[in-house]
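Reviewing the structure listed below.
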Amino acid sequence: MIFTVKKRDGREMPFNIEKISDAIIKAFRASGELDEQIKAAQAQMNLLGNDDLLTNVALKVAADAVGHLEADNKTKPDIEEIQDAVEKALTEGGYADTAKSYILYRAERTRVREVNTRLMQTLHDITFSSAKESDLKRENANIDGDTAMGTMLKYGSESAKHFYTMMMLKPEHSRAHLDGDIHIHDLDFYSLTMTCCQIDLIKLFRNGFNTGHGHLREPKDIRSYAALAAIAIQSNQNDQHGGQSVPNFDYAMANGVRITYRKAYLSNMVKALILLTGMEEGEILPVVKKLHSEMAEMGMVATLVPNEKFQETEIRELSKTYDAEIVNKAQSFAEKMAYEETDKTTFQAMEAFVHNLNSMHSRAGAQTPFSSINYGMCTEPEARMVMKNLLLTTEEGLGGGETAIFPIQIFRVKDGINLNPGDPNYDLFKLACRVSAKRLFPNFSFQDAPYNLQYYKPGHPETEISYMGCRTRVIGNNYDPSREISYGRGNLSFTSINLPRIAIKMKSVDLFFKELDRMLQLVSDQLMERFAVQSRRKVKNFPFLMGQGVWIDSDKLGWEDTVGEVIKHGTLSIGFIGLAETLVMLTGKHHGESDASQELGLKIIRHMREFCDKESKRLGLNFSLLATPAEGLSGRFVRMDKKKFGIIPGVTDRDYYTNSFHVPVYYKISAFKKLSLEAPYHALTNAGHISYVELDGDPTQNLEAFEKIVQHMAKVGIGYGSINHPVDRDPVCGFVGVIGDVCPRCGRSEGHAISCEKLEELRKKFPGMPAFKGIR
Amino acid sequence: MSEKEMSLYGEGVGFERIRRITGYLVGTIDRFNNAKRAEVSDRVKHGV
């Protein structure tokens with residue numbers, strides 16, 4: 001006799017045959033196999049409820065199942081054994097359809113249970129492991145997985161992913177994602193928002209804006225311009241999961257400098273006149289102020305680089321009240337002092353801006369905003385002052401001399417503007433190289449690359465190429481070709497294809513393309529599904545992004561309107577990873593090693609781009625091809641493929657797949673050759689791309705070589721690039737540079753202590769050294 | 001040995017090594033996931 005049952009968690013529970021028959025009843029209902037009999041029974045004797053027949057049959061099957069268990073001597077059966085016995089009893093009883101639906105029911109229960117267990121296991125890991133031992137907690141390096149808010153974010157994120165894969169995605173998309181054929185990025189935000197946006201600060205600042213927690217007036221000097229820029233980035237970050245970028249930092253901040261200079265000029269003019277005439281401020285200030293505002297109405301204002309019209313008019317008018325010689329003297333004094341003050345204020349504003357972006361929090365406090373700023377091409381003196389000071393403060397580093405992680409700075413390079421000696425912003429380009437050689441930023445974007453140049457209209461900064469720091473690029477506009485601009489636009493969502501897996505599975509090039517086509521269509525369908533979900537969101541779901549008119553045309557929508565129409569300006573991007581491994585699988589060599597492989601590589605990526613263009617035409621939207629950044633993804637696909645296909649040399653034998661179209665990081669190649677090989681892929685990946693080169697040692701010692709590499713990038717048609725070099729820092733003595741085993745400044749090795757006496761001695765030579773705590 | 005000479009600082013404090021991944025900079029390598037750590041350690045320098 002059976003008295004107890006072993007549950008899945010190992011507990012023994014009293015045996016209850018009705019639990020078994022309940023499940024069987026459900027299976028009969030699903031199959032409909034007894035429906036005819038029940039009807040007949042009902043017709044015969046109305047008194048008997050139809051359920052009774054069902055219950056009786058089910059109990060009979062359950063009893064048979066128990067009989068099987070007892071015959072097998074299973075006196076304490078577990079759930080699996082009971083279910084096996086039920087299946088057997090149903091089949092033997094002649095209920096084939098019901099047996100089938102019972103098996104399905106069983107599979108569904110198992111799936112739900114597994115998902116729940118998987119979710120609980122994930123939450124368990126998040127709770128009880130530290131980031132040091134949990135890869136999951138280090139999925140994104142800019143989120144501190146050990147903090148309370150970082151952990152809470154992870155709970156939400158992992159639970160949301162489970163929910164969407166189970167309940168919202170089409171089963172074929174969910175399966176492709178879970179199996180690692182594709183990767184749906186930012187799945188945790190699937191139904192919530194779009195990826196990123198280029199914020200036009202000039203438009204946003206006009207008439208001020210509302211953060212959702214209060215109204216901010218139009219800023220009135222460079223300090224408030226810079227402060228509000230940081231606040232805008234932070235506010236928008238709370239509406240999106242991807243990066244926040246400013247496409248026109250130079251143009252926008254220049255306006256702040258203009259106002260700051262005018263104010264500084266007025267106040268210095270007044271001071272000079274007070275001193276030179278011996279009169280009181282109360283007598284002078286109203287006169288000069290009135291004159292300046294009358295002149296402003298006629299379009300004459302004091303400018304950083306003095307303009308003759310203003311100078312002459314001011315002298316003529318003020319000389320009616322004061323001695324002409326005094327006015328002349330006062331003017332040159334005011335010009336000089338106002339310039340110096342504005343320069344200093346601008347430096348402080350930029351310093352505060354960088355500090356803010358490295359300390360302000362977003363996303364429930366787990367991280368600073370993913371901020372980027374684009375600049376470089378505005379040649380007006382005010383913009384040049386902004387860029388110079390931004391670069392100088394970046395070079396100096398944060399409070400303790402640390403390298404600022406944010407904002408990502410992107411210096412826009414263009415021939416005739418800043419690339420070559422004699423160009424008006426060439427000095428800033430040189431400075432950008434010097435700063436990047438020390439601090440890794442700025443990165444460089446290239447306006448003259450043909451696929452960027454085609455959109456550029458001089459005098460229209462909105463047509464200049466802008467990148468998100470990570471590499472995302474939005475400029476072309478198939479949905480509305482009259483709006484091929486970067487301002488107010490961004491990526492909606494992106495999904496990446498596991499290219500190496502297709503190569504591993506298909507082996508031949510012909511079959512590879514067939515399977516690639518299938519995968520491209522699958523991803524396109526999935527992006528469209530997500531787009532439909534995103535389109536149903538309303539303005540009120542994005543109080544800043546849409547509510548403050550940051551996203552293009554959102555200012556034409558009301559609070560309760562859906563955003564479906566305006567987000568058509570955004571991009572749906574198909575990404576890829578591991579072109580190098582794909583080529584090794586198909587040809588035996590990657591594109592760094594063989595011209596034939598490079599040719600095939602370009603053929604594959606061109607094919608993908610053509611698919612995107614075709615989908616854009618077909619659907620009237622912006623499909624684009626992305627060289628996926630792949631931070632979390634770099635390990636995910638290869639882990640799965642290793643399990644599925646084993647170790648394949650040059651393909652699955654490392655812990656990561658090579659980033660997008662890059663020549664593998666382990667392959668020895670010259671910087672110039674690497675860039676030349678990668679540049680043609682930039683032209684094809686219109687959703688974004690980046691190339692790196694790795695320099696040895698301290699590039700600040702060889703700025704000429706650094707500059708030459710950037711110029712080579714421009715020459716070969718790179719769209720966005722940067723130069724990597726080691727930037728190490730010893731937090732004890734504050735040294736920044738290359739540190740091998742031993743710190744060149746204080747001589748300590750990693751983890752070792754040095755005497756406070758030695759540190760004090762060093763401090764005499766390096767007064768900026770960080771203060772050390774806990775020691776007298 | 002005087003008391004001052006005996007006071008030491010920096011025990012257990014590592015060096016910070018800032019590296020670039022996916023266009024972003026990252027504070028120190030210990031925040032990297034396993035795959036990215038492996039990639040960073042495989043990186044070779046490119047000659048100019």
Side-chain angles (χ1 to χ4, degrees), chain A residues 131-132 135 138-139 141-142 370 402-403 405 408 440-441 443 469-471 629-632 634-635 638 654-656 665-672 674 690 692-696 705 708-709 722 724 726-732 739 743 748 750-757 759 772 775-776, chain B:
Chain A
K132 207 169 167 184
D135 199 42
R138 282 179 278 112
E139 190 180 12
N142 280 312
F370 281 129
E402 307 100 313
T403 296
I405 304 298
I408 302 184
L440 295 161
F441 287 152
N443 299 341
C470 64
R471 70 188 66 187
E631 182 183 348
S634 61
V638 75
R654 294 172 200 267
D655 290 334
Y656 55 90
V665 294
Y666 55 80
Y667 183 66
K668 223 172 157 44
I669 187 170
S670 84
F672 295 115
K674 180 175 194 287
I690 189 168
Y692 311 127
V693 295
E694 305 282 330
L695 283 194
D696 206 0
K708 242 168 72 190
I709 295 173
S722 61
N724 289 336
V727 174
D728 303 330
R729 179 172 172 271
D730 182 358
V732 169
I739 305 179
C743 174
R748 78 180 190 106
E750 180 130 33
H752 286 242
I754 63 166
S755 77
C756 295
E757 207 177 25
L759 282 175
F772 44 96
I775 303 282
R776 281 174 292 142
Chain B
M1 203 182 276
S2 80
E3 210 179 307
K4 198 171 180 191
E5 276 170 319
M6 281 169 63
S7 62
L8 293 168
Y9 184 64
E11 187 68 39
V13 180
F15 298 138
E16 296 166 3
R17 299 185 190 276
I18 294 185
R19 299 294 179 268
R20 190 195 314 271
I21 37 174
T22 74
Y24 289 100
L25 293 188
V26 170
T28 60
I29 299 177
D30 19 295
R31 291 261 194 99
F32 280 32
N33 66 46
N34 298 344
K36 276 292 162 191
R37 269 188 212 183
E39 195 215 276
V40 167
S41 77
D42 278 0
R43 286 181 186 178
V44 296
K45 304 291 175 191
H46 302 119
V48 182

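Order of the sequence lines fixes the chain letters, A, B, ..., with proteins taken first and strands second; residue numbering starts at 1 for each chain.
Annotation for A:Phe441 and B:Leu25: closest pair CZ-CG, 3.4 Å, computed over non-hydrogen atoms. Residues A:Pro731 and B:Val13 come closest through the heavy atom pair CG-CG1, 3.8 Å. Of all heavy-atom pairs spanning B:Leu8 and A:Ala753, the tightest one is CB-CB, 3.8 Å.
Looking at A:Leu695, the atoms closer than 4.5 Å to chain B (heavy atoms on both sides) sit in the backbone and in the side chain alike.
Between A:Asn724 and the options B:His46, B:Arg43, B:Lys45, a side chain to side chain contact (heavy atoms under 4.5 Å, CB included) holds for only B:Arg43.
Between the NZ atom of B:Lys36 and the OG atom of A:Ser634 there is a distance of 4.5 Å, given to the nearest 0.5 Å. Taken to the nearest 0.5 Å, the CG atom of A:Leu440 stands 8.5 Å off from the CZ atom of B:Arg19. Taking CZ of A:Arg748 as the reference point, atom OH of B:Tyr9 lies at 9.0 Å (rounded to 0.5 Å).
Among A:Val727, A:Ile669, A:Thr403, the residue making the largest number of heavy-atom pairs under 4.5 Å with chain B is A:Val727. Your options are A:Ile709, A:Val693, A:Val638, and the one with the most heavy-atom pairs under 4.5 Å with chain B is A:Val693.
A salt bridge is defined here as a Lys NZ or Arg NE, NH1 or NH2 lying under 4.0 Å from an Asp or Glu carboxylate O, and A:Glu750 with B:Arg17 meets this definition.
Under the 4.5 Å side-chain criterion, counting only non-hydrogen atoms from C-beta, A:Asn443 is in contact with B:Arg20. Between B:Ile18 and A:Asp728 there is no side-chain heavy-atom pair separated by less than 4.5 Å.
For the residue pair A:Tyr656 and B:Asp42, a side-chain donor N or O sits within less than 3.5 Å of a side-chain acceptor on the partner.
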